Amino acid sequence: MGTQEGSKTVSNSPARKERTVRYGECRKNHAAHIGGYAVDGCREFMPAGEEGTSAALKCAACNCHRNFHKREVEIESFRDCSSNSMAYK
């Protein structure tokens, strides 16, 4: 079981963007019911099951839902260099 990452390619002409989503440390406050603040120290989301199942949304390390983990999005831009839009004469 590894970290859950997803990537999505967004196609725009002539640039292409790829978005990678990663889930980091758990932010669930386990002491909220007594008015305090305490996190469990889970540093990275690890899915408890296979992709596409409900267990994939639960962390194997801390047993919390994926929404409690910090969402980190990385966007990479790529230019399409194979275009014939700049023809030299």
Side-chain angles (χ1 to χ4, degrees):
M1 287 182 235
T3 62
Q4 184 169 8
E5 293 185 10
S7 65
K8 181 179 181 182
T9 302
V10 179
S11 178
N12 293 336
S13 63
R16 189 179 82 217
K17 295 182 180 180
E18 188 170 313
R19 181 178 72 169
T20 304
V21 178
R22 183 180 164 277
Y23 294 90
E25 72 270 4
C26 184
R27 294 181 168 180
K28 184 175 181 181
N29 183 2
H30 293 276
H33 66 282
I34 59 170
Y37 182 76
V39 292
D40 59 11
C42 179
R43 303 295 293 157
E44 191 171 5
F45 178 79
M46 294 184 298
E50 296 295 321
E51 177 110 15
T53 65
S54 61
L57 299 176
K58 190 172 272 197
C59 182
C62 66
N63 208 28
C64 293
H65 193 273
R66 185 178 72 184
N67 288 348
F68 286 109
H69 289 261
K70 181 180 177 184
R71 185 173 188 220
E72 300 166 350
V73 179
E74 294 180 15
I75 299 175
E76 296 181 40
S77 294
F78 301 97
R79 302 247 358 128
D80 185 10
C81 297
S82 63
S83 173
N84 290 332
S85 63
M86 299 183 80
Y88 295 102
K89 295 182 180 184

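We're numbering straight along the sequence, starting at 1. Keep in mind that this is a model prediction, so the values were computed, not measured.
When side chains are defined from C-beta on, Arg66 does not count as touching Cys26, because their heavy atoms never get closer than 4.5 Å. Within the 4.5 Å cutoff, no side-chain heavy atoms of Arg71 are placed close to those of Arg22. When side chains are defined from C-beta on, Val39 does not count as touching Lys28, because their heavy atoms never get closer than 4.5 Å. In this structure, the side chains of Glu72 and Glu74 stay at 4.5 Å or more apart for every pair of heavy atoms.
Under the 4.5 Å side-chain contact rule for hydrophobic residues, Phe68 and Tyr37 do not share a cluster.
Taken from CE in Met46 to SG in Cys62, the straight-line distance is 8.5 Å, to the nearest 0.5 Å. Taken from CZ in Phe45 to CG in Leu57, the straight-line distance is 6.5 Å, to the nearest 0.5 Å. Note that CD of Glu25 and CG of Asp40 are 11.0 Å apart. Values are rounded to the nearest 0.5 Å.
Taking the six-membered ring for Trp and the full ring otherwise, Tyr23 and His69 have centroids separated by 6.0 Å or more.
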| message | Walk me through whether Arg19 and Glu76 qualify under salt bridge (Lys or Arg N to Asp or Glu O under 4.0 Å). | response | CA-CA 6 Å; Arg19 181 178 72 169; Glu76 296 181 40; over 6 Å; no

| request: Any chance you could lay out the side chain to side chain contact (heavy atoms under 4.5 Å, CB included) test for Glu18 and Ile75, step after step, and finish with the verdict? | output: CA-CA 6 Å; Glu18 188 170 313; Ile75 299 175; over 6 Å; no

| Cys42 vs Cys59, side chain to side chain contact (heavy atoms under 4.5 Å, CB included): CA-CA, chis, key distance, verdict | CA-CA 9 Å; Cys42 179; Cys59 182; 3.9 Å; yes

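Here the closest heavy-atom approach between residue Asn29 and residue Ala38 is recorded as OD1-N, 3.0 Å.
Distance alone, capped at 3.5 Å, places no donor-acceptor pair between the Asn63 side chain and the Lys58 backbone.
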